[in-house]
> 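One structure, pasted below without further comment.
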Amino acid sequence: MEVTENADGPLALVDAHLDWCGPCEAIVPNYQTLWFNYENPEIRLSFWQCNEEFLPAKLREELKLSVVPRFLIYSKGKLLKFTFLKLYK
């Protein structure tokens, strides 16, 4: 993902979401709290958010973005891991 190649730190956490997704909306306040309050000088981490609807279809397919919300972890522009959140009652 091109944007993460220009990230401030060696690690980038990307929140891939959809605006109309209820669970995605529920996560936003917690993700933004982490983003604005993150302070660990030993691990430089930059935070990004992207709306999957605006990603090119080829990129969505490559990343297998079929479940949202999804968090992608990049190191120096290379995808390390992706996870999705399971909500339980």
Side-chain angles (χ1 to χ4, degrees):
M1 187 175 269
E2 185 177 321
V3 78
T4 60
E5 292 172 2
N6 299 319
D8 295 334
L11 292 175
L13 177 62
V14 180
D15 167 23
H17 65 276
L18 294 167
D19 287 341
W20 51 263
C21 167
C24 297
E25 289 296 314
I27 288 173
V28 168
N30 294 324
Y31 183 79
Q32 288 180 341
T33 297
L34 174 64
W35 183 345
F36 296 130
N37 295 304
Y38 181 80
E39 293 182 20
N40 185 341
E42 295 178 21
I43 301 174
R44 288 182 44 221
L45 178 64
S46 54
F47 294 85
W48 301 81
Q49 289 182 295
C50 73
N51 185 329
E52 288 186 28
E53 290 179 313
F54 298 109
L55 293 178
K58 183 178 178 182
L59 182 57
R60 282 196 312 266
E61 188 176 304
E62 282 178 26
L63 296 174
K64 297 177 176 61
L65 295 176
S66 60
V67 177
V68 289
R70 171 93 28 136
F71 296 92
L72 308 163
I73 302 170
Y74 285 84
S75 176
K76 298 177 184 168
K78 301 215 187 271
L79 180 64
L80 295 180
K81 184 174 184 172
F82 60 88
T83 61
F84 64 93
L85 178 67
K86 292 183 182 180
L87 298 176
Y88 297 98
K89 287 186 175 185

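FYI, the numbering just counts along the sequence from 1. When reading the values below, keep in mind they use all heavy atoms of this one structure, side chains included, and skip hydrogens, waters and symmetry mates. Treat the numbers as computed from the prediction; the structure is a model and nothing was measured.
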> Does anything in residues 20-38 form a side-chain hydrogen bond (donor to acceptor under 3.5 Å, both in side chains)? List the pairs, not counting sequence neighbours.
W20-E53

> Evaluate L45 against N40 for side-chain contact (heavy atoms from CB on, under 4.5 Å), listing each step before the verdict.
CA-CA 8 Å; L45 178 64; N40 185 341; over 6 Å; no

> When hydrophobic residues are tied together by side-chain contacts of less than 4.5 Å, even through go-betweens, does F54 share a cluster with V28?
no

> If you take all heavy atoms of A26 and P29, which pair is closest and at what distance?
O-CD, 3.5 Å

> Between the side chain of H17 and the main-chain N/O of R70, is any donor-acceptor distance below 3.5 Å?
no

> Start with the C-alpha distance between D15 and F71, add both sets of side-chain angles, then the distance that settles side-chain contact (heavy atoms from CB on, under 4.5 Å), and finish with yes or no.
CA-CA 5 Å; D15 167 23; F71 296 92; 3.9 Å; yes

> Can you measure from CD (E52) to SG (C24) and round to the nearest 0.5 angstrom?
7.5 Å

> State which residues pass side chain to side chain donor-acceptor pair (under 3.5 Å) with D19; sequence neighbours excluded, sorted by chain then number.
N51

> Compare every heavy atom of Y74 with every heavy atom of L79, then report the nearest pair and how far apart it is.
N-CD2, 3.4 Å

